Amino acid sequence: MVAATGNADTSVGHGELIKAVDHALTTHGRALLTGPAGAGKTEIVRAVAAAAESRRESVLRLAPEAADQWIPEASAAALLASVPGAALDQLSGPQRTAIALLRREADAPRAGRDHIALRLAVVEVLRTLAARQPVLLVLDNAQWLDAESTDLLRFALRLTPPRVRVLVAECVQGGASVGEPLCGPDVPAIRVPPLGADEVAELLVRHCLPARLAGRIHQASGGNPRLALALGHSLAEAAEARDSSAHHADPLPVSGQAREVARRLLAGVPAQARRTLLLAALASRPTTSLLRRAGRPDAEAELAEAERAALVRVGEDGTVEFTAGALLTALAADAGWPERAAGHAALAAAVDDPVQAVRHRALAVDTPDQWLAAEITEAAAACRRRGQRALAAELGLLAAERTPSWLAGEELARLVTAAEDAGWAGRADLARRATRAVLARDASPADRVRARLAVMDAAGQALGALDETFAYAMDEAAGDPSLQAAVQLRIAWKHNLSDGDPVRSRDAAAEAGRLAAIGGDQTAEAMALTVRARMGRILGDTDAEEILAEALALPAPEVPLGMRNAPQYLAVRHALFDDRLADARRQSMVLLPAVQRTGSAEDVFEVLRSLTEVELRSGRCEAASAHARRALELTIEAGLSPGPAWYVAAMAEAMGGSFARAAGYARRGIQASQEEQDQVFLSRSLHALGLVELATGEAAKAVATLRRVAALEAAQQVVDPSVLRWHGELAEALIAADAHCEAADLLDRVRTTALGLGRTGVVAALDRARGLCLSAQGEADEAVHLLEATARRFADLQLPLERGRTLLALARVERRRRRRAPARAALRAAAEVFGLAGAAPWTELAREPAPGESGGAQVQAAAVLTEAESRLALLVSQGASNQEAAAKLFLSVKTVEARLTRIYQKLDVRSRAQLATALRTL
């Protein structure tokens with residue numbers, strides 16, 4: 001691993017690049033690696049050099065520093081100093097003299113040196129080394145080569161034999177390339193791309209940094225590994241200084257190493273372009289025309305320089321977007337107050353949005369102004385009406401700062417409102433800042449409680465760290481039933497999300513409802529009934545639907561505590577659980593524009609989550625993936641807890657994208673949920689991972705993962721199997737792992753509950769697993785009849801993906817009893833269902849292997865062997881020892897030995913060689 005101050009970890013995200021560089025060197029003998037500072041070029045170069053050394057090639061390294069570019073022939077001297085002495089012994093006298101003078105007197109006047117002899121000496125040295133073994137010449141940081149060394153190397157490399165390969169890595173920031181003339185006109189230029197959000201998450205995990213911050217760090221770093229690590233370490237240090245864990249919505253501190261990395265990136269543009277970049281950083285929606293109006297007439301040309309340096313992207317419509325969010329912060333921090341104030345003043349006169357004009361005028365001064373504060377407050381109200389709650393919170397804080405001290409009451413009211421806007425927007429940093437200001441003033445208990453409630457609302461899934469806030473809020477709300485009800489509601493949410501205790505959540509909600517009724521707050525009363533109905537559904541209470549109907553009967557004004565906690569939204573979830581997918585989709589589409597108007601990012605996310613799940617179950621994978629992408633983008637943009645969004649992305653990928661990507665999202669969702677103590681989405685992300693492991697044939701892993709889900713669900717006292725449908729998957733995994741009895745017990749137990757609650761879709765999924773269990777127990781006819789009936793039932797329920805999975809199971813059972821025609825028919829039917837649904841990874845599973853494909857033997861072996869036996873047989877036939885197979889399949893060696901005995905008996909073989917032959921010929 002590398003520290004934040006070092007080079008980026010190229011083991012994340014750059015494996016294919018290393019292969020591409022190796023291929024270019026093998027094919028062309030030259031390769032040029034480019035990218036911004038911190039992109040990971042040096043580590044890629046090191047990896048390529050290490051691979052060359054492992055092949056016993058001679059590797060010459062040169063890595064000049066910035067100061068070297070001003071010292072003539074400094075880099076040439078450094079390169080020759082690394083050459084073994086034996087390679088110099090064969091040089092002619094003038095050549096040895098030229099090298100000796102260069103090595104001893106690099107700073108001496110050049111006029112007395114024999115430069116022709118020096119050039120020829122470098123050529124001869126490279127030829128001598130190449131005659132013994134292949135040579136790799138590595139030039140890192142080529143942009144710092146001095147001009148004289150560049151000329152010398154360009155001459156020498158034109159005359160070197162093919163056994164001398166050259167890898168040049170440079171950071172081109174607006175200037176001319178050094179690498180191209182060194183390597184030649186047709187050199188393959190390989191640019192190091194930025195890391196994706198997934199790769200940033202992996203990078204953070206490898207460096208023991210919170211994965212839940214990956215989305216925001218990716219946005220702030222632009223995928224630059226060095227900047228991402230520096231930001232991650234800065235956040236961790238800031239959190240440690242506060243004696244608390246970093247919150248997913250905290251501002252990213254661009255300080256220390258992070259600021260240094262950002263400065264290095266910005267150093268590639270001249271001062272005039274940086275002034276234009278500063279204006280763009282201060283503007284909310286910068287465009288070239290805005291920057292021209294604000295006093296930068298050459299904005300296009302200056303931005304073009306910045307674009308060549310990979311600092312910004314300029315759209316066809318003139319919009320300006322920074323490649324890394326940290327660049328904006330660094331530009332503003334490095335500019336003095338007078339420069340920032342002048343920039344805001346210029347922008348105030350140039351923008352066409354009145355709200356932004358007020359914002360810039362406020363930021364151009366730092367003195368209290370009664371009338372300006374009033375204008376900012378009006379602008380914040382306009383943002384609130386637009387649904388721009390985060391901007392409303394920022395403006396509210398700004399209005400409070402510009403309020404004169406003799407208007408203390410107005411200042412306090414603005415702070416409380418700003419806190420509430422931040423709570424709506426999920427901006428924990430702004431909510432805490434406003435709340436600290438409220439608590440520092442002579443505020444009433446009601447205002448203090450309102451501010452603390454905003455901190456709770458902004459915390460997202462991370463309510464587990466707010467016990468002290470809850471305690472103070474309960475104390476300050478004493479005597480006011482409406483405020484007490486509001487606090488109790490949030491306690492009920494915490495008991496569910498963080499504590500995983502639906503009973504305590506239901507009880508807290510009942511108390512909240514009682515207090516709300518006393519206080520005459522019907523909205524809070526409806527919210528409390530909603531929590532009771534939600535927890536009742538989880539606990540299998542028979543009156544859950546009646547309680548929800550009671551909540552829906554209450555007046556439904558604009559919900560101040562979030563649509564996600566309203567009965568209208570819970571009605572969507574219940575329709576989804578009941579497989580009333582048309583109702584769930586229709587109701588979600590009604591809620592989507594409503595929540596977008598309110599400005600609550602978490603509400604919008606929740607509706608997108610439900611739409612994703614509805615579309616997946618309806619067999620519309622493309623639409624589901626679109627909703628999932630929007631949900632993930634919103635989560636990163638708004639700084640919401642990423643665990644839920646990663647779960648949604650995992651499910652969308654598991655059904656309509658890629659099993660590998662699904663597993664990656666699920667693992668990040670698991671990590672983030674664990675970090676935030678979110679028990680609800682921890683079990684969901686584990687379920688997504690278990691589903692992928694089951695689908696990809698990793699039965700032992702799937703059993704372990706889904707058992708964790710079962711344990712979490714048991715700890716959370718979840719009774720209703722329709723809320724999270726993991727039971728059938730665990731049973732199928734147990735069957736594949738030869739744990740038939742355990743699977744049968746699980747199926748019987750859950751089936752009784754599902755029948756009692758009327759969960760038809762759950763019963764069908766259990767019957768699919770029961771069909772596989774019957775097949776494994778030798779009852780093939782019963783298994784086929786049950787699976788055929790189950791496929792028809794899923795068709796009636798309009799659950800196409802479940803039907804396709806059942807047809808896949810039917811094909812496996814038919815193959816096992818050697819009925820190839822019915823197996824192929826079931827497989828083709830499954831492929832058709834998955835194809836119509838856009839379920840790409842499942843379509844691939846249903847594809848019939850062509851003759852001679854590597855998977856053919858395993859498929860055919862399934863006609864005789866169980867799935868668990870087939871996997872073991874394939875491993876052993878490929879040369880795995882019993883110990884290796886046991887480790888791979890998570891079994892004991894004794895179990896492997898016993899299973900191998902059964903395999904030998906079924907296939908009538910006596911050795912591993914005969915087993916391999918049998919698998920090839922089956």
Side-chain angles (χ1 to χ4, degrees), residues 36-38 173 194 197 200 213 215-224 226-228 230-232 234-235 238 249-288 290-291 294-296 299 302-303 305-307 309-315 318-348 350-351 353 356 359-360 362-364 388 390-391 393-395 397-398 427 429-430 636-639:
Q173 293 184 312
V200 168
L213 303 172
R216 299 198 66 223
I217 288 179
H218 175 258
Q219 192 176 47
S221 68
N224 183 290
R226 187 181 299 165
L227 183 53
L231 288 166
S234 295
L235 264 178
D250 282 346
L252 298 176
V254 185
S255 57
Q257 285 298 319
R259 187 176 297 181
E260 283 304 311
V261 175
R263 283 171 175 160
R264 286 184 63 183
L265 292 169
L266 291 164
V269 294
Q272 288 297 321
R274 287 192 62 163
R275 292 190 183 97
T276 299
L277 288 177
L278 173 61
L279 269 188
L282 297 177
S284 292
R285 293 182 294 276
T287 63
T288 52
L290 172 63
L291 296 174
R296 305 303 302 173
E302 290 161 351
L303 288 170
E305 290 186 83
E307 195 165 22
L311 299 176
V312 298
R313 290 182 288 268
V314 182
T319 55
V320 181
E321 179 187 4
F322 283 86
T323 55
L327 298 175
L328 289 79
T329 309
L331 282 162
D334 285 349
W337 159 252
E339 191 176 1
R340 290 199 305 271
H344 282 299
L347 289 167
V351 295
D353 181 355
Q356 288 299 326
R359 172 179 169 270
H360 285 301
L363 290 169
Q388 298 173 322
L391 182 55
E394 292 178 21
L395 290 170
L397 282 165
L398 195 55
R427 286 292 302 272
D429 56 320
L430 297 179
I636 294 172
E637 180 182 341

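The model shown is predicted, which means the values in this text are computed figures rather than measured ones.
Inter-residue side-chain proximity for Thr287 and Val320 is flagged as unmet; no heavy-atom pair is nearer than 4.5 Å. Val314 is not listed as a side-chain neighbour of Thr319, based on a closest heavy-atom distance of 4.5 Å or more. Residues Leu303 and Leu291 have side chains in contact (heavy-atom distance under 4.5 Å, counting atoms from C-beta outward).
Evaluation of the salt bridge (Lys or Arg N to Asp or Glu O under 4.0 Å) rule for Glu339 yields no partner, not counting sequence neighbours. With sequence neighbours excluded, the residues forming a side-chain hydrogen bond (donor to acceptor under 3.5 Å, both in side chains) with Asp334 are Arg263, listed by chain and number. By the side chain to side chain contact (heavy atoms under 4.5 Å, CB included) test, Ala345 pairs with Ala364, sequence neighbours left out. Listed by chain and number, the residues in a side chain to side chain contact (heavy atoms under 4.5 Å, CB included) with Ala281 are Phe322, Leu328, Leu331 (sequence neighbours excluded).
Expressed to the nearest 0.5 Å, how far OG1 of Thr329 lies from CZ of Arg259 amounts to 9.0 Å. Atom CG of residue Leu231 and atom NE2 of residue His218 lie 12.0 Å apart, to the nearest 0.5 angstrom. Separation of atoms CG (Leu311) and CZ (Arg274) is listed at 9.5 Å; rounding is to 0.5 Å. In this structure, Leu277 CG and Glu305 CD are separated by 9.5 Å, a value rounded to the nearest 0.5 Å. Separation of atoms CG (Leu347) and CG (Leu363) is listed at 10.0 Å; rounding is to 0.5 Å. Note that CG of Leu227 is 12.0 Å distant from CD of Glu260, once rounded to the nearest 0.5 Å.
Within the structure, the ring-ring contact (aromatic ring centres under 6.0 Å, His included) test picks out the following pairs touching residues 324-345 (sequence neighbours left out): His344-His360. Every pair passing side-chain hydrogen bond (donor to acceptor under 3.5 Å, both in side chains) that includes a residue from residues 275-284 is listed here, sequence neighbours excluded: Thr276-Arg296, Thr276-Glu302, Ser284-Gln356, Ser284-Arg359.
For the residue pair Ala280 and Pro286, the shortest heavy atom distance occurs at O-CG, 3.6 Å. Closest of all the heavy-atom pairs between Ala346 and Ala294 is CB-O, 3.5 Å. The two atoms that bring Ala330 and Leu266 nearest to each other are CB-CD1, 4.2 Å, heavy atoms only. Across every non-hydrogen atom of Val200 and Gly223, the tightest pair is CG2-CA, 4.4 Å. Contact record, Pro36 with Leu265: CB-CD2, 3.8 Å, taken as the closest heavy-atom pair. The two residues Val269 and Ala309 have their closest heavy-atom pair at CG1-CB, 4.0 Å.
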Show your reasoning for whether side-chain contact (heavy atoms from CB on, under 4.5 Å) applies to Val351 and Leu290. CA-CA 7 Å; Val351 295; Leu290 172 63; 3.8 Å; yes
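Thr323 places no side-chain N or O within 3.5 Å of a backbone atom of Gly222 that could act as its donor or acceptor partner. The backbone N or O of Pro194 sits nowhere less than 3.5 Å from a side-chain atom of Asn224 that would complete a donor-acceptor pair. With hydrogens and angles disregarded, a donor-acceptor distance shorter than 3.5 Å links the side chain of Arg340 to the backbone of Ala335.
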